[in-house]
Amino acid sequence: MEWIVKSYFRYSLAIGITSQQFSRQKFYSTLFSRTYALITNIITLAVAPIFMWQVRSVFESKRHFPPLVLITNDIRYTVSFLVILYTLLSRGFRDTAFKEMQPLLLTLIREEKRCGYRGRDGVRRSLRILLLLKFFTLSWLCTTDIIFLFYSCDVLVWVNIVRFFFLSNANNILNMVPMGYFLALWHIARGFDCVNRRLDQIVKSKSPRDQKELRHLWFLHTSLTRTALNLNKIYAPQMLATRFDHFIIGVIQAYWGTVFTFALSTPWLWVVYGSVQYHVRLVDYYLIDYMCDVAVKYHDAAKHSWSEIRWTKEISSYVIYANSSKLQLWICGLFQADRSMWFGMISGILYYSLVLLQFHLVMGK
């Protein structure tokens, strides 16, 4: 799975959303990477608004669109740029989150090796599938957004190629940033799972040496919980901005999908592309909220099977700690990040899409 993390950080550094590099399970930054990220951020913020305006002009000249389509297109680009602006200005906070994760990641790797969880057995199969699925949806969104922007290039001259290159990277910023939050929670869930599996082995063992190890695992569980809360606190404003952007794009694309499918003559290939891309985006954000649920689930793993073994003083103390320790991932104190929030957001997208369709019918008359 390390190749996924390396690929993510290499492209993230290339588009300037982090100055951190990842190699041999370690995060690090150099003077070159920090300088490169700063220069890339400045160029992106200076050039992106100009290129977005040019793409809007090209989009408007393609054909005669209803007024509301053009209005929603302006809203989409405005919101996206504001989120990109905040994302690049807050890069230092996310780099701090990676530094927060570094010592815990090394401890987790050592713990997995000590417990004999190596290779494919080191990570639960469901977690591996979850990471691969998230990497697929992320790759799909980045690729399809690039294809859509390529459609805006009327003539392959160097100006259009440069515009295409910068806007592709700028749009991919919106897709790439949530992956960092997902990866952090994925490693924390992996840590909780490692602790839970080892604890199940210890409570069934009568070895005094294994009983002493319980305190070490207790400390690791506490560190994982504290790190999860700190990372969520750092990422909360970013995820709030990203979710708002996703909500706006979801409403507008649902409206566009209906209009371009039924009200305007659109080639079937573009209809299929838009539909698939829209649903993949929904799945991509669902995986983030699902990952939050998984992390909380592994943190609060029930110990029903322990009732059948002879309890020691150490086991009793740990159970009291586990029952009193709660992991709640709040986003800026407004709502908890979980699947119920995702379903609520989908309901909001459908509701406001219907409102836009009503405005479309009124303005059409």
Side-chain angles (χ1 to χ4, degrees), residues 1-49 51-52 80-109 131 134-135 138-139 141-143 145-146 162 165-188 226-243 245 284 288 291 331-332:
M1 296 298 175
E2 187 177 351
W3 65 273
I4 293 179
V5 182
K6 286 184 176 180
S7 300
Y8 169 77
F9 276 97
R10 285 171 182 170
Y11 186 58
S12 296
L13 177 61
I15 61 180
I17 61 176
T18 183
S19 62
Q20 296 292 315
Q21 303 178 66
F22 183 79
S23 178
R24 298 180 180 179
Q25 304 294 343
K26 292 183 179 181
F27 298 105
Y28 67 95
S29 63
T30 62
L31 178 61
F32 172 79
S33 66
R34 292 191 296 269
T35 304
Y36 172 81
L38 178 61
I39 294 175
T40 302
N41 294 165
I42 294 174
I43 294 176
T44 300
L45 294 179
V47 173
F51 286 167
M52 285 181 176
S80 294
F81 176 73
L82 292 176
V83 175
I84 291 172
L85 175 64
Y86 174 78
T87 300
L88 297 183
L89 292 178
S90 61
R91 174 172 55 84
F93 295 102
R94 293 191 304 277
D95 289 347
T96 302
F98 295 134
K99 295 177 182 178
E100 179 87 16
M101 190 71 189
Q102 177 64 70
L104 185 62
L105 181 60
L106 295 177
T107 303
L108 175 58
I109 294 171
L131 179 59
K134 182 65 173 71
F135 185 72
L138 175 64
S139 303
L141 290 175
C142 291
T143 303
D145 282 348
I146 290 174
V162 171
F165 174 77
F166 275 100
L167 278 185
S168 297
N169 290 333
N171 282 351
N172 286 341
I173 288 174
L174 302 173
N175 298 323
M176 292 289 291
V177 170
M179 183 66 173
Y181 183 65
F182 178 91
L183 283 175
L185 290 179
W186 186 85
H187 282 293
I188 288 172
R226 183 171 58 252
T227 304
L229 293 174
N230 290 340
L231 287 172
N232 184 70
K233 184 178 180 180
I234 294 172
Y235 258 96
Q238 177 65 58
M239 292 307 300
L240 181 63
T242 302
R243 289 174 191 276
D245 177 72
D284 182 75
I288 297 174
M291 191 69 252
I331 303 298
C332 297

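Below, all heavy atoms of this structure are taken into account, side chains as well, without hydrogens, waters or symmetry copies.
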Problem set entry | Closest contact, heavy atoms only, Thr143 versus Ser139 | OG1-O, 2.7 Å
Seminar exercise, completed: Looking only at heavy atoms, the pair that brings Ser19 and Leu13 closest together is CA-CD1, 4.0 Å
Exercise. Do the side chains of Arg94 and Thr87 get nearer than 4.5 Å, heavy atoms only?
Worked result: yes
Exercise. If you look at every heavy atom in Asp245 and Ser80, which pair is closest and at what distance?
Worked result: OD1-OG, 3.2 Å
Exercise. What's the verdict on side chain to side chain contact (heavy atoms under 4.5 Å, CB included) for Leu131 and Leu183, showing C-alpha distance, side-chain angles and the deciding distance?
Worked result: CA-CA 8 Å; Leu131 179 59; Leu183 283 175; 3.6 Å; yes
Seminar exercise, completed: Output for pair (Asp284 CG, Leu141 CG), nearest 0.5 Å, gives 5.0 Å
Exercise. In Å, rounded to the nearest 0.5 Å, how long is the span from CG of Leu45 to CG of Leu85?
Worked result: 5.5 Å
Exercise. Rounded to the nearest 0.5 Å, how far does CD1 of Ile234 lie from OG1 of Thr96?
Worked result: 6.0 Å
Problem set entry | Asn175 (side chain) donor-acceptor with Leu138 (main chain) under 3.5 angstrom | no
Exercise. Out of curiosity, Asp95 CG to Ser90 OG, how far, rounded to the nearest 0.5 Å?
Worked result: 9.5 Å
Exercise. Does any non-hydrogen side-chain atom of His187 lie less than 4.5 Å from one of Leu231?
Worked result: no
For this session: Would you please indicate yes or no on a ring centroid separation below 6.0 angstrom for Phe135 and Tyr8?
Result: no
Exercise. Mind checking whether Thr40 and Asn169 have side chains closer than 4.5 Å, heavy atoms only?
Worked result: no
Exercise. Is any side-chain heavy atom of Arg226 less than 4.5 Å from a side-chain heavy atom of Leu229?
Worked result: no
Problem set entry | Where Ile288 and Phe182 come nearest, the two heavy atoms and their spacing | CA-CD1, 4.2 Å
Problem set entry | Any side-chain heavy-atom pair of Asn232 and Tyr181 under 4.5 Å | yes
Exercise. Can you tell me how far the CD1 atom of Ile173 sits from the CZ atom of Phe81, to the nearest 0.5 Å?
Worked result: 10.5 Å
Exercise. For the residue pair Ala97 and Tyr235, what are the closest heavy atoms and their distance?
Worked result: CB-CE1, 3.9 Å
For this session: Answer yes or no: is there a side-chain heavy-atom contact under 4.5 Å between Gln238 and Tyr86?
Result: yes
Exercise. If you take all heavy atoms of Ile188 and Thr227, which pair is closest and at what distance?
Worked result: CD1-C, 4.3 Å
Problem set entry | Euclidean distance, Phe166 CZ relative to Met52 CE, rounded to 0.5 Å | 13.0 Å
Exercise. Given side chains that start at C-beta, do those of Ile17 and Arg91 come closer than 4.5 Å, heavy atoms only?
Worked result: no
